[in-house]
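A short write-up of the structure that comes next.
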Amino acid sequence: MSGQRKYSVFLGNVGSCSDRYCGAYGPEFSTAELLRRVDGIKLVSGVDLVLTPELLEDIDLISQWHRDSGTAVVSVAVDHFARSVWKQGSFSAGDPEIRRLAVADAVRAMDVAAELGCDMITIWPGQDGYDYLFQADYEAERNWFADGVREVCRHRSDVRVSLEYKCKEPRNHCYVSSAASTLLLIQEIGEDNCGAVLDYGHALIGYENPAESVALLQHFGRRLMHVHINDNYRLWDDDMIVGSVHTLEFLEFFYWLRRTGYTGWMTIDQYPYREDGQQAVAESAAWLDTLESLLDRVDPEEIAEVLHRKDAIASSRLMRKILMGG
C-alpha cells in the first residue's frame, strides 16, 4: 500500500512572498530564475502555475523548460482572486459581464493547460462569498456559480476542473467553504470532469480533520482531484512548512489518501515570507518524503484492525509505532 510520491510546488513559492505589511522580504526573481530554483529541489518533479498576465508573457519559456526538464505542469490555477474586478465575486458576481469574464478566464486556462500537457485547472474562488448579513442572495449567487463552472467544464472534457475550498479569506464567508459544501456544488454542476482540491491548511482552519475530508471526498463519487499541502496553527492560513505543527495528523492523512486510492499530486503551497523560498520548499518536500516513509513501517491491515477496534489506547500505540518503529 506504499503511496506513489508525486510532489509539486507553486512556482512563485520558491521565490519571495509578500504579506499585508511588506511587499517582499527577499529579492525579486524572474520566471527563468524561479524555474531554475524548482530544478534545484530534488524531490519536486512538478510545478503548479497561476495564470496571471505576467505568466502568459513567459508561457513559451515555461513550455520549453517543461519539455527540456521533464518537470510536469500539474495544474494551471485561474486568477479569480487577485484583481479588483473580482471584488464582488467571479462566477457568483451580480454583474453578468463579470460572470462571463470569469468563464472566459477559466476557459483560457483550460486551453493553456492542454498546450502544456496538463489535464487540470484549479479554481480558488476566494472572492465569491460575503462579509455582512443581508449582503448576499445565497440562492441566486450559488446558482450563478454552478452555472458558470458547468459551462467551463463543458468547454473541453480532456481537462479537469478542480474547486479549492476555504472557509474564509479574503471574504469573511466563502461559498466554497468545506469538503461537504464543495461536494454539494459538484453534484449540482453534474459534470464528470469537476472535482475538489483539498488544501490541508484550509481544512485545518475550517476545523476539519483532513483525513476525514479525504474519505468524504472519495466516498461520494471519488471527487478528490488535487491536494495542496502546508501547515498552520488552525487560526489562520499560515502556509507553513509541512509537518512543522501537525505531524501526527499528516500520518493519518497519508493513510487515507492511500486507502482511498488517491494517485494524484501533492503540491506544496506555502508562503515562506522570511525564509529562502527554495530551501523552505525543499524542507517541506523532505518532510513529506519522511512522513510517507514512516507510514510504510506498518501494515495497512494492522491500521484497519486498530480502526475497527475504536480503542483510543490502541490508536495511541499505533501512532508511537509509526513514529518510533516499535
Side-chain angles (χ1 to χ4, degrees), residues 2-19 22 24-31 33-50 65 69-75 77 122 164 197-205 210-211 214 226-255 257-258 262 264-297 319 322-325:
S2 180
Q4 181 181 7
R5 300 177 194 182
K6 293 160 54 176
Y7 306 144
S8 178
V9 65
F10 271 99
L11 183 60
N13 289 167
V14 300
S16 298
C17 302
S18 61
D19 62 17
C22 182
Y25 289 94
E28 184 176 348
F29 295 94
S30 67
T31 299
E33 289 171 326
L34 292 172
L35 295 172
R36 286 195 293 272
R37 286 168 74 81
V38 171
D39 286 337
I41 306 173
K42 65 178 182 178
L43 291 172
V44 168
S45 55
V47 68
D48 288 56
L49 306 173
V50 180
W65 169 81
S69 68
T71 302
V73 178
V74 173
S75 172
T122 295
E164 180 178 358
V197 180
L198 191 160
D199 182 298
Y200 193 90
H202 295 181
L204 290 177
I205 64 171
V214 168
H226 199 23
V227 170
H228 291 174
I229 207 87
N230 47 60
D231 212 339
N232 65 48
Y233 289 104
R234 285 194 182 272
L235 300 172
W236 199 253
D237 192 24
D238 301 311
D239 283 326
M240 297 167 65
I241 291 171
V242 172
S244 55
V245 182
H246 291 92
T247 311
L248 284 172
E249 286 91 333
F250 275 106
L251 296 174
E252 190 192 29
F253 181 71
F254 295 147
Y255 166 76
L257 286 176
R258 295 183 183 190
Y262 178 77
W265 293 78
M266 280 190 275
T267 292
I268 297 166
D269 181 7
Q270 66 186 62
Y271 280 77
Y273 301 110
R274 294 163 183 82
E275 297 75 40
D276 177 85
Q278 184 190 45
Q279 293 180 27
V281 169
E283 185 63 17
S284 279
W287 266 105
L288 285 168
D289 191 57
T290 298
L291 291 170
E292 291 210 77
S293 296
L294 290 178
L295 198 59
D296 292 336
R297 289 175 168 177
M319 287 186 280
I322 295 172
L323 280 175
M324 307 300 179

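Along the sequence shown, the residues carry numbers beginning at 1.
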Other residues, nucleotides and ligands only: do more than 12 of their heavy atoms fall within 6.0 Å of CZ on F254? yes
Please lay out, stage by stage, how W287 and T247 fare under the test side chain to side chain contact (heavy atoms under 4.5 Å, CB included). CA-CA 9 Å; W287 266 105; T247 311; 4.0 Å; yes
Are F29 and Q278 close enough that some pair of their side-chain heavy atoms sits under 4.5 Å apart? no
Using only atom types and a distance under 3.5 Å, with no angle test, would you say the side chain of D238 pairs donor to acceptor with the backbone of Y233? yes
R258 vs L295 side-chain heavy atoms within contact, under 4.5 Å: yes
When you compare the side chain of L251 with that of L291, does any pair of heavy atoms fall below 4.5 Å? yes
Hey, does Y200 have a side-chain heavy atom less than 4.5 Å from the side chain of V242? no
Does N232 reach the side chain of V245, with side-chain heavy atoms less than 4.5 Å apart? no
Start with the C-alpha distance between H228 and H202, add both sets of side-chain angles, then the distance that settles side chain to side chain contact (heavy atoms under 4.5 Å, CB included), and finish with yes or no. CA-CA 9 Å; H228 291 174; H202 295 181; 5.9 Å; no
Pairwise distance CE(M266) to OG(S284) - rounded to 0.5 angstrom: 11.5 Å
Keeping S75 on the side-chain end and D48 on the backbone end, is there a donor-acceptor pair under 3.5 Å? no
Can a donor-acceptor pair be found between the side chains of N230 and Y271 at a distance below 3.5 Å? no
Rounded to the nearest 0.5 Å, how far apart are CD of E275 and SG of C17? 9.5 Å
When you compare the side chain of D231 with that of E249, does any pair of heavy atoms fall below 4.5 Å? no
Of the non-hydrogen atoms in T267 and H226, which two are nearest, and what is the gap between them? OG1-CE1, 3.0 Å
Do V227 and F253 have side chains that approach each other closer than 4.5 Å (heavy atoms only, starting at C-beta)? yes
